[in-house]
Amino acid sequence: VPIPPLQDPPSSCAAYPFNRKDADLTIHTSDNVSFHVYSVIAALGSNLAELATPSQAPSPRLALVVPEDSETIETFLRVCYPLVDAEVPSLSLLHKVLTAGNKYDAPAVVAAMRNAMVQPRFLHTDPVRVYAIACSVGLEAEARAAAEAAVLRDLVVSAAWPALDGVTAGAYFRLLQLTKTRARKVASGNGKKTRKGPCCKGCPGAHAHFDVNFDGVEPFCRKPKGGGVREGPRKEPSYPFDDPAADVVLRTCDLVDFRVHRTVLTMAAQDFLDAVNTQHSAPLTGPSSSQVYSVPEDSRVMDAFLRLCHPVEHPDILDSDLFLAVLSAAHKYHATKTMQVLRQSNAWSVFSQKAPFRFYFAAFECGWREEAEACARALDTNVVPTLYIPEMENISSMPYHSLLACVGGIHASATTHFTLTGLPGRHDQGVFDSVKSLWMPLLIPHLHPWLGCYSIVGPKSGRGYHRTCELARG
């Protein structure tokens, strides 16, 4: 018996007021719900009407398919309509609506969600998650309020990684720095901000006054840093990247053109051209019918990267900034052999020993367990919580949370002898991507005085994905 082809479920119509027949714009959500709205309202409150196209149906309505679900779009539209705003029952929904508000240029929606996120029902019950949301979209005032609430309630150290999802390591670092300023109220403020917070465990009374000091910690929301390679002279292309017969031209951010052959490039880095196509404008027509691609790397990084991708003499990389920039490019473009060469190079051993904190993050991002463990073992467990590098503004809080759980979580009994797990063993790009994008592992630390471990659990897997980090006792 032939199996009928799979079909999309039938579309349903949203409830009033988004079911009116005289509406001239239909918005189709990811869960197959259709919202019939007035384009004049959508145009005043957002750019949804500008994105719509004429419908192919006999109806004269405009149509727009959006990736958001119906719950998100209904809340979004109710803010735009002259009606009572819909309730936002969860921070998860608030985050989705806030993201949609920024995406579709809807200032009223953004303002409504900003107001909702600092209401007591969210700010008092889950301030760490509010902080994460605020930082992820650059809301400094809300991030400050949430950070203060979290610190006064002593909820930061015990927060599991899921609450910090979307926060950079830099923003998490600043939240931890603020916890160090939490102290009982003193007579003079000296820049300190006093709030009434819950009393510490063991103290009499339900509440006591505490101070937090924002000096030197703010701003919480900071823009990602650049590539980190020190400025230097442009690297003009030389053999074999000056071949006029090459069919691809890679134009770097400092306007140097590298001529390469598509066959070699796509074999060495299969996702290279797809990545630059999606991140930048479409290829332009260049000399000799070559296609010109703009790449974000500069000429020094691109020259070293391309030489590692080609069967030519490999360059000696004597600069740790350049080494990490090339490694980052290799990881981004899935140049697996180039990553293998860098991993096994003497340069990695030298640089990682000199800057273990910085290279720990690079190893974690690449899924290199042994190298991440080696870098972590080289760190002073008492110093780790005070370390900061600018790259932390570009890095997820997960590897930082993991590192602190292992080497900084139990200061009294932890030594530098431990095994950091939760990472793929040997680098396998497919496995690593599935861990990052499909499993979205949740880091749940259990920082008991007699046990130092954390587990990684994959919520989208049919079975639990558990790894344990154990600290040896001296």
Side-chain angles (χ1 to χ4, degrees), residues 67 103 168 223-312 314-315 317 319 321-343 361-362 365-367 391 393-396 427-430 432-434 436-438:
K103 175 182 176 182
T168 65
K223 294 181 180 180
K225 301 295 182 180
V229 180
R230 291 190 296 268
E231 291 186 4
R234 298 198 319 170
K235 184 71 174 180
E236 295 298 335
S238 57
Y239 177 82
F241 309 125
D242 56 358
D243 184 0
D247 53 354
V248 170
V249 174
L250 303 178
R251 181 164 295 160
T252 62
C253 63
D254 52 352
L255 302 180
V256 176
D257 288 349
F258 289 82
R259 298 181 177 278
V260 297
H261 292 271
R262 182 184 299 270
T263 301
V264 180
L265 181 62
T266 55
M267 185 173 292
Q270 58 182 352
D271 294 337
F272 191 100
L273 297 182
D274 289 339
V276 294
N277 265 336
T278 55
Q279 296 176 7
H280 302 280
S281 59
L284 304 174
T285 301
S288 305
S289 300
S290 300
Q291 286 186 303
V292 180
Y293 294 82
S294 294
V295 295
E297 289 78 19
D298 67 21
S299 56
R300 294 174 61 208
V301 174
M302 190 51 53
D303 181 79
F305 170 74
L306 289 175
R307 291 188 182 281
L308 290 169
C309 290
H310 284 69
V312 297
H314 291 173
I317 303 178
D319 182 337
D321 291 337
L322 179 60
F323 184 96
L324 288 178
V326 174
L327 178 60
S328 177
H331 180 261
K332 177 173 65 174
Y333 299 127
H334 293 182
T336 52
K337 185 171 183 178
T338 300
M339 293 184 67
Q340 180 187 44
V341 171
L342 292 171
R343 183 181 190 178
F361 289 108
E365 178 67 14
C366 293
E391 291 95 325
E393 304 304 331
N394 307 342
I395 301 168
S396 163
H427 176 75
D428 183 303
Q429 190 62 46
F432 186 55
D433 285 345
S434 69
K436 287 203 304 181
S437 61
L438 297 179

Sequence neighbours excluded, which residues qualify as side-chain hydrogen bond (donor to acceptor under 3.5 Å, both in side chains) partners of Asp242?
-> none
Apply the side-chain contact (heavy atoms from CB on, under 4.5 Å) test between Asp257 and each candidate in Thr252, Leu250, Val249; give the one that qualifies.
-> Val249
Given side chains that start at C-beta, do those of Arg307 and Phe241 come closer than 4.5 Å, heavy atoms only?
-> yes
Could you walk me through whether Lys332 and Glu297 pass salt bridge (Lys or Arg N to Asp or Glu O under 4.0 Å), step by step?
-> CA-CA 11 Å; Lys332 177 173 65 174; Glu297 289 78 19; 2.8 Å; yes
Check whether any side-chain heavy atom of Val295 lies under 4.5 Å from a side-chain heavy atom of Phe258, and answer yes or no.
-> no
Determine whether Leu273 and Arg262 make a side-chain contact, defined as any pair of heavy atoms from C-beta on separated by less than 4.5 Å.
-> yes
Please round to the nearest 0.5 Å and tell me the distance separating atom NE2 of His310 and atom CG of Leu306.
-> 6.0 Å
Pairwise side-chain contact, Leu308 with Val326, heavy-atom cut-off 4.5 Å (strictly under) | yes
Checking salt bridge (Lys or Arg N to Asp or Glu O under 4.0 Å) for the pair Asp319/Arg300: CA distance, chi angles, key distance, verdict?
-> CA-CA 11 Å; Asp319 182 337; Arg300 294 174 61 208; 3.6 Å; yes
Please identify each residue that fulfils salt bridge (charged side-chain N to carboxylate O under 4.0 Å, His left out) with Lys103, with sequence neighbours left out.
-> Glu68
Looking only at atom types and distance, does a side-chain atom of Asp254 sit under 3.5 Å from a main-chain N or O of Ser299, one as donor and one as acceptor?
-> yes
So, do Val341 and His314 sit near enough that their side-chain heavy atoms are less than 4.5 Å apart?
-> yes
Would you say the side chain of Phe272 lies within less than 4.5 Å of the side chain of Phe305, judging by non-hydrogen atoms?
-> yes
Do His331 side-chain atoms and Met339 backbone N/O form a donor-acceptor pair below 3.5 Å?
-> no
Inter-residue atom distance Leu324.CG - Phe361.CZ, 0.5 Å rounding | 12.0 Å
Side chains of Glu236 and Asp303: closer than 4.5 Å at any heavy-atom pair?
-> no
